[in-house]
Amino acid sequence: MSEIESGLKEYIEHLVVPYLFSQSYYDYYGEWPFGEYSHGIEGLKEKLVEIFEVKNFKELISLSKRTINKNIGKNRKCPCRSGKKYKDCHEKVINKISSWNMSKLIELYIKKIKKIEENSL
């Protein structure tokens, strides 16, 4: 299986399936099981912020630039700028995301969102 196929499989498993579950739940119960996201780019940003467990999209960009596909020392300060050691802050989240084999896809989303936001200014 190629890296792209693997990333697509992980994308479907970790993002599409939960979305479809949420939509089915909403259709049946009339409320969202995990809360509601905005539409379009804003909703994608909200979901990525949630996945990376950061406060906002700017923090996500900082964290992702320094962590995805990179090896960070566990005792170094976390790139999210919390002041905590990486091992006590975002290491587990980044390892989980990396295990999904979706790093390239997430990087692509972040780049596209940044480009869209730059063009809208």
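Just so it is clear, the model here is predicted, and its values are computed rather than measured.
A single hydrophobic cluster is seen to contain both Leu48 and Val17, as judged by linkage of ILVMFWY side chains at heavy-atom distances under 4.5 Å, directly or through other members. Linking ILVMFWY residues whenever their side-chain heavy atoms come closer than 4.5 Å, directly or via other members, leaves Trp32 and Tyr28 in distinct clusters. There is a path of hydrophobic side-chain contacts, each under 4.5 Å, that joins Tyr11 to Tyr19.
Looking only at side-chain heavy atoms (C-beta outward), Pro79 and His90 stay at 4.5 Å or farther from each other. Side-chain contact between Glu50 and Lys47 is present, with heavy atoms from C-beta onward closer than 4.5 Å. Taking 4.5 Å as the limit, every side-chain heavy atom of Glu59 sits out of range of all side-chain heavy atoms of Val49. A 4.5 Å side-chain heavy-atom check between Lys74 and Glu91 finds at least one atom pair inside the cut-off. Taking 4.5 Å as the limit, some side-chain heavy atom of Ile113 sits within range of a side-chain heavy atom of Phe57.
Between the CZ atom of Phe52 and the CD1 atom of Ile61 there is a distance of 11.0 Å, given to the nearest 0.5 Å. Atom SG of residue Cys89 and atom NZ of residue Lys77 lie 12.0 Å apart, to the nearest 0.5 angstrom. Atom-to-atom distance recorded for Lys55:NZ and Cys80:SG is 7.0 Å, nearest 0.5 angstrom. The distance from atom CG of Leu44 to atom NZ of Lys112, rounded to the nearest 0.5 Å, is 10.5 Å. Rounding to the nearest 0.5 Å gives a distance of 13.0 Å between NZ of Lys85 and SG of Cys78.
Pairing each heavy atom of Pro33 with each of Tyr25, the nearest pair is CD-CD2, 3.4 Å.
Crowding of Tyr26 atom OH: a count of heavy atoms from other residues, nucleotides or ligands under 6.0 Å not exceeding 12.
Side-chain atoms of Tyr37 and Glu42 form no donor-acceptor pair, as typed in the model, at a separation below 3.5 Å.
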